[in-house]
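Since the structure comes first, as structure tokens, the remarks are kept for the end.
Values below: every heavy atom of this structure, side chains too, minus hydrogens, waters and symmetry copies.
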Amino acid sequence: MTTAPVESTAPEQGTGRDAILRAARRAFALRAYTEVTLRGIAADAGVSPSLIVKRFGSKEQLFHTVADFQPVADELFAAPPAELGRHLVLTMLRLRDEFRGDPLLRVVFSLGRDDERTLLRDRFREQVTARLSGLLPVPDAELRAELIAGQLLGLGATLSLHRPGAGHLASAERVADLYAPGLQRLIEGD
């Protein structure tokens, strides 16, 4: 598999692009690359396979777009350390609404041994966990970054598991009030 240019994973309304990306995230996270077809992704997204080719060029390019966590990380880490815990929670909740699904959770389903799943995990570690580690002003930043990433994944899993549930009924501010202090303690080194 060669490296292909990666497009932004931000959704575009009215183009089918966001539906394609949601379907591709599910497909590549749950099945081996060789088992995923553009026809299957198109059927799941409710679009034609030719629209996928028009938007992404090929299955390989679509995979590289799905495996890119950089745009999400840019939004997640766009706050100073003193405000980062609350920002992480509010941004995760906003992105879940925009993507109509969790922007990070797909890495949890990539625990297989296939090369493309390894690439997904490696990109997550590089673009999310290692980048976060570099932002933390504490001695054990790598460990704290891994724990924070785990808590963000846990938040996404909880909200997905309990849908609809109390987390969906609560305001984003209320969820941040309850969840962000634990993240902030990890960020600041308490």
Side-chain angles (χ1 to χ4, degrees), residues 6-14 17-26 28-30 65-111 120-190:
V6 178
E7 291 186 35
S8 168
T9 58
E12 291 177 13
Q13 296 299 339
R17 188 174 192 280
D18 54 338
I20 294 166
L21 287 172
R22 277 193 309 279
R25 285 182 190 115
R26 275 190 302 274
F28 289 123
L30 299 174
T65 301
V66 166
D68 185 21
F69 293 96
Q70 191 68 45
V72 170
D74 289 345
E75 292 192 51
L76 285 171
F77 305 140
E83 302 166 15
L84 190 56
R86 186 169 193 82
H87 176 80
L88 287 169
V89 174
L90 293 173
T91 301
M92 279 292 293
L93 295 174
R94 179 180 54 80
L95 291 174
R96 284 180 60 80
D97 286 344
E98 286 178 16
F99 289 128
R100 291 190 285 172
D102 192 275
L104 298 178
L105 203 52
R106 66 189 178 272
V107 77
V108 173
F109 298 104
S110 68
L111 299 178
L120 194 62
R121 287 191 310 274
D122 289 348
R123 289 244 180 107
F124 183 86
R125 277 192 292 271
E126 172 191 329
Q127 296 174 339
V128 177
T129 311
R131 182 170 169 190
L132 177 58
S133 174
L135 298 173
L136 300 180
V138 291
D140 51 354
E142 284 184 51
L143 173 59
R144 290 173 182 272
E146 288 177 7
L147 294 171
I148 292 165
Q151 286 192 14
L152 290 174
L153 291 169
L155 176 61
T158 297
L159 293 174
S160 295
L161 179 67
H162 297 289
R163 183 182 34 217
H168 289 274
L169 298 174
S171 71
E173 292 295 327
R174 181 63 181 145
V175 173
D177 288 344
L178 295 170
Y179 208 80
L183 294 176
Q184 196 62 41
R185 278 192 293 281
L186 286 168
I187 291 163
E188 293 177 351
D190 289 346

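- Taking all atoms of both residues into account, the shortest heavy-atom contact from Gly154 to Tyr179 is C-OH, 4.2 Å.
- With sequence neighbours excluded, the residues that form a side chain to side chain contact (heavy atoms under 4.5 Å, CB included) with Pro181 are Arg185.
- The side-chain heavy atoms of Leu183 and Leu84, taken from C-beta on, include no pair separated by under 4.5 Å.
- To the nearest 0.5 Å, atom CE of residue Met92 and atom CG of residue Leu76 are 6.5 Å apart.
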Criterion side-chain contact (heavy atoms from CB on, under 4.5 Å) on Leu155 and Val175, from CA distance to verdict: CA-CA 10 Å; Leu155 176 61; Val175 173; 4.3 Å; yes

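- The stretch residues 147-159 participates, sequence neighbours left out, in no side chain to side chain donor-acceptor pair (under 3.5 Å) pair at all.
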Hey, can you pull the donor-acceptor pairs under 3.5 Å for the side chains in residues 132-143, sequence neighbours left out?
| unit_1 | atom_1 | unit_2 | atom_2 | d |
| --- | --- | --- | --- | --- |
| Ser133 | OG | Glu142 | N | 3.4 |
| Asp140 | OD1 | Arg144 | NE | 2.7 |

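- Taking 4.5 Å as the limit, some side-chain heavy atom of Gln70 sits within range of a side-chain heavy atom of Arg131.
- Under the rule for a side chain to side chain contact (heavy atoms under 4.5 Å, CB included), the partners of Glu173 that lie at least two apart in sequence or sit in another chain are Arg86, Leu90, Ser171.
- Counting heavy atoms from C-beta on, the side chains of Arg17 and Thr65 come closer than 4.5 Å.
- Residue pairs meeting the ring-ring contact (aromatic ring centres under 6.0 Å, His included) criterion with at least one partner in residues 129-151, sequence neighbours excluded, are absent.
- Residues Ile187 and Gln184 have side chains in contact (heavy-atom distance under 4.5 Å, counting atoms from C-beta outward).
- For the side chain to side chain contact (heavy atoms under 4.5 Å, CB included) test, residues two or more places apart in sequence or in another chain that qualify with Arg94 are Glu75, Thr91, Glu98.
- For residues 70-95, no residue pair satisfies the ring-ring contact (aromatic ring centres under 6.0 Å, His included) rule, not counting sequence neighbours.
- Taking Arg22 as the reference, Asp18, Ala19, Arg25, Arg26, Arg100 meet the side chain to side chain contact (heavy atoms under 4.5 Å, CB included) condition, with sequence neighbours excluded.
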